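Numbered from 1 within each chain, the chains take letters A, B, ... in sequence-line order. Remember, it's a predicted structure, so these values are computed and weren't measured experimentally.
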2 protein chains.
Amino acid sequence: MTNIRDLAREAHVSVTTVSRVLNDHPYVADDKRQAVQAAIQKLGYIRNQTAVHLSTGQTHTIGVMLPFVDHPYHAAILQGIARCAFEEGYRFLTWQTNYVESHEHTVLKALAQREVDGLIIVSHSLSVDEILQYEQYGPIVFCEYHPHASSVYINHYTAFQKGLKALQSLHHTEIGICLGRPDSTNSLARKQAYQDTVSDDARPEWIYEQALTIEDGAHVARAWLNQSQRPTAILTASDHVAAGIILELREQGYRIPEDLAVIGFDGSDLAVVLNLTTVAVPYETIGRHAFSIAISDSWQQHPQTEIPTTLKNGTTASILCVK
Amino acid sequence: MTNIRDLAREAHVSVTTVSRVLNDHPYVADDKRQAVQAAIQKLGYIRNQTAVHLSTGQTHTIGVMLPFVDHPYHAAILQGIARCAFEEGYRFLTWQTNYVESHEHTVLKALAQREVDGLIIVSHSLSVDEILQYEQYGPIVFCEYHPHASSVYINHYTAFQKGLKALQSLHHTEIGICLGRPDSTNSLARKQAYQDTVSDDARPEWIYEQALTIEDGAHVARAWLNQSQRPTAILTASDHVAAGIILELREQGYRIPEDLAVIGFDGSDLAVVLNLTTVAVPYETIGRHAFSIAISDSWQQHPQTEIPTTLKNGTTASILCVK
DNA sequence: CCTTGCCGTGAAACGCGTTCCATAGATTAA
DNA sequence: TTAATCTATGGAACGCGTTTCACGGCAAGG
């Protein structure tokens, strides 16, 4: 493997000059520049990026921590990160943690070990304080709302409220909700929105937890079927869950939305094919913003960027469109 | 930032000994080992991975080239790679190329520049020969069949044939197919399977190309509607396209499968919610295999690993299940 | 004519962990 | 008892690009 010292010898210049040519530094005479370029051609030189990384102390790489890469919601954020990273000449490393804390620590350590210049945390189970201890090693940007950290987020409180109010405007008073991991930041905000919005009508047995997948949705549907007092509408925290509920109930001969109105969350392809009413979230935008904060200096101010959501009409909340 | 020389000074040993402690080398006396560990604690030393990479000439990182990260099919492969990478203590970098050749070159250059130890190519538009020129810099594993390269693949010919034969066994003789990028390796194999399997009934106007997304599926449906001679069944190359066709036709008042039988491809969530008959592909398995080949020495023999597919019954090819 | 200041160039240090090689005492095999 | 190993340890080179600093030359400002 030829290196810049070989080039310097070949071109009869110093390594400094070679480095200048490589980095387009202006203070190089034309003849020397050409001599170096000729040497590069002749010896087939290829720059060793690892050496650059060590020398500059930067890897031009951002790490992404997320529980699963194959959930459409995460994939869409990755998409945004990927786009932005490419444009900026950055790379990104993805770590799938499955919400295992030791795995999350591995990721944080990678920042400390300077494997990456910064970290984007899509979702996590470690406490924010614990994570923020690593901020001394580089920027950490959350894709969730955290008041004392850089965060790009959607307001799950108002987003959920949007869904609930839509159901109320369709004269539903008996409304249930589905949540994912019950103690996650997002779930807490959603639960709060539920309690505040339906207030007197809020019922603990109408809060279905641990609902993340299509199968979980089917479980929810069966739980609903077994209840003596059933809500007439359910707002879910993901299109997958909404899909599971709808499929299971249709299977059992129930009609959507006549027997149960359902609203999804995400605005995924599933919502398109099932014509779900859903709270659409621009995940790609979240990824883009998170990335650009991670590579700028602005992260030090812990900027808060709220990304708006929109209610997208389908036919699962009401045959008539929700206005 | 403290480094191993600081540690050596603090612990009154040589840097070599420090390095040995860090790497669990046996030839270190217990007292020295403890002295070093104490120094690590005291000075808060954190290993600089970049220096390790430069020194060892390995990055413990594999690059993944794919056109889009948010397609479920690619996300599932990534999932497999992510799992395997984590288990092996490797990292992976994802590059989204959008099938742009210059972007693909960027990825290949990264291998040459030793940013990654190897490359997994999920899908590409550059020629295989061009890509293989970079094999001198490290392993390159394809997730498609290429006889002269390491590849982990599903046999698109037999997989497609499976779908076609299922339709034939349902007494369809007028069968159309949807393809993605018409000249991709996969499409060529599929086209061949089509021509061989339906032979006399193959019709160029029943080969719908450039069909990749749900919307593309809707286009196909409209094209089908406008044809005077229509196939009675369509085998698609992705569940998205199948979904698009079905939704558009249902919208127009047609019935699936009575008016048109449809079979998808991938075995994605869409297939689940629409109860699609589909050719299920274990993408995660592909990712796992590709990764383990990339980090072993076996790639040099250009191993060929075929991953089997299965036909999954739904209700879009026949009300009765396909046997 | 002298002082700034910019241009062009190179030696050497730097970032930092790994590893080859030499050294020396302690064992074990012969 | 001697030769051959094994254990333990350190110096120094290595991987390789970047950057600081110093220096000579030359043009513009005063």
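In this structure, Thr56(A) does not reach the dT18(D) phosphate: none of its side-chain N or O atoms is under 4.0 Å from OP1 or OP2. A sub-4.0 Å separation between OP1 or OP2 of dT9(D) and a side-chain N or O of Arg33(B) is absent. Asn3(A) has no side-chain polar atom (N or O) that falls below the 4.0 Å cut-off from OP1 or OP2 of dG15(D). In terms of phosphate contacts, Thr16(A) brings no side-chain nitrogen or oxygen within less than 4.0 Å of OP1 or OP2 of dT9(C). Contact check, Ser19(A) against dG17(D): no side-chain N or O comes under 4.0 Å of OP1 or OP2. The side chain of Asn23(B) places no N or O atom within less than 4.0 Å of a non-bridging phosphate oxygen (OP1 or OP2) of dG17(C).
Among the nucleotides dG17(C), dT9(D), dT7(D), the one closest to the side chain of Lys32(B) is dT9(D). Listed nucleotides dT18(D), dA8(D), dC21(D) differ in distance to Ala29(B); the shortest reach to its side chain belongs to dA8(D). For Ile4(B), counting side-chain heavy atoms from C-beta on, the closest listed nucleotide (dG17(C), dT9(C), dT9(D)) is dG17(C). Nearest nucleotide to the Asn48(B) side chain, out of dC16(C), dG10(D), dT18(C): dC16(C). Taking every side-chain heavy atom of Ser14(B) into account, dG10(D) is the closest of dG10(D), dA12(C), dT7(D). The side chain of Ala51(B) lies closest to dC16(C) when the candidates are dC16(C), dA12(D), dG15(D). Closest contact between the side chain of Leu54(A) and the listed nucleotides dT18(D), dT7(D), dG15(D) involves dG15(D). Side chain of Leu22(A), nearest nucleotide from dC16(D), dT18(D), dT9(C): dT18(D).
The nearest whole Å value for the distance from the CG atom in Asp6(B) to the P atom in dC14(C) is 13 Å. As rounded to whole Å, 18 Å separates atom P of dG17(C) from atom CD of Gln58(B). Rounding to whole angstrom units, NE2 of residue His53(B) and P of dG17(C) are separated by 12 Å. In this structure, Gln49(B) places its CD atom 10 Å from P of dG17(C), rounding to the nearest Å. Note: CG (Asp31(B)) to C1' (dT9(D)) measures 12 Å, nearest angstrom. Atom CZ in Arg20(A) sits about 10 Å away from atom P in dG8(C), given to the nearest Å. If you take OH of Tyr27(B) and P of dC20(C), they are 14 Å apart, rounded to a whole angstrom. Between the C1' atom of dG15(C) and the CZ atom of Arg114(A) lies a distance of 10 Å, rounded to the nearest Å.
In this structure the side chain of Phe142(A) reaches within 4.5 angstrom of the side chain of Ile140(A), judged on heavy atoms.
Residue contacts shown for Val18(B) are absent, as no nucleic acid heavy atom lies under 4.0 Å away.
For the residue pair Ser238(B) and Asp266(B), no side-chain donor N or O sits within less than 3.5 Å of a side-chain acceptor on the partner.
Mapped onto DNA chain D by nearest heavy atom, Ser55(B) and Val15(B) fall at different nucleotides, with Val15(B) at the one closer to the 5' end.
Ring geometry for Tyr90(B) versus Phe291(B): interplanar angle over 60°, hence perpendicular rather than tilted (30 to 60°). Below 30°, between 30° and 60°, or above 60°: for Tyr134(B) and Tyr137(B) the angle between ring planes is between 30° and 60°, a tilted geometry.
One finds the CD atom of Gln210(A) at 8.5 Å from the OG atom of Ser187(A) (value rounded to the nearest 0.5 Å). Interatomic distance, CZ of Arg20(A) versus OG of Ser14(A), reported as 6.5 Å (0.5 Å rounding). The line from CZ of Arg33(B) to CG of Asp24(B) is 6.5 Å long, rounded to the nearest 0.5 Å.
Applying the side chain to side chain contact (heavy atoms under 4.5 Å, CB included) rule to Glu104(A) yields the partners Met65(A), Thr97(A), Tyr99(A), His124(A), Ser125(A), Leu126(A); only residues at least two apart in sequence or on another chain are considered.
Ion pair Glu87(B)/Arg288(B) flagged as a salt bridge, since at least one NZ, NE, NH1 or NH2 atom sits closer than 4.0 Å to an Asp/Glu carboxylate oxygen.
Residue-to-nucleotide contacts include no donor-acceptor pair under 3.5 Å from the side chain of Arg47(A) to the base of dG17(D). In the interface, the side chain of Arg5(A) is not paired with the base of dG15(D) through any donor and acceptor atom under 3.5 Å apart.
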Subject >> Footprint string (nucleotides 23-29 of chain C, 5' to 3'): B base within contact, S backbone only, - free, heavy atoms under 4.0 Å >> reply: -------
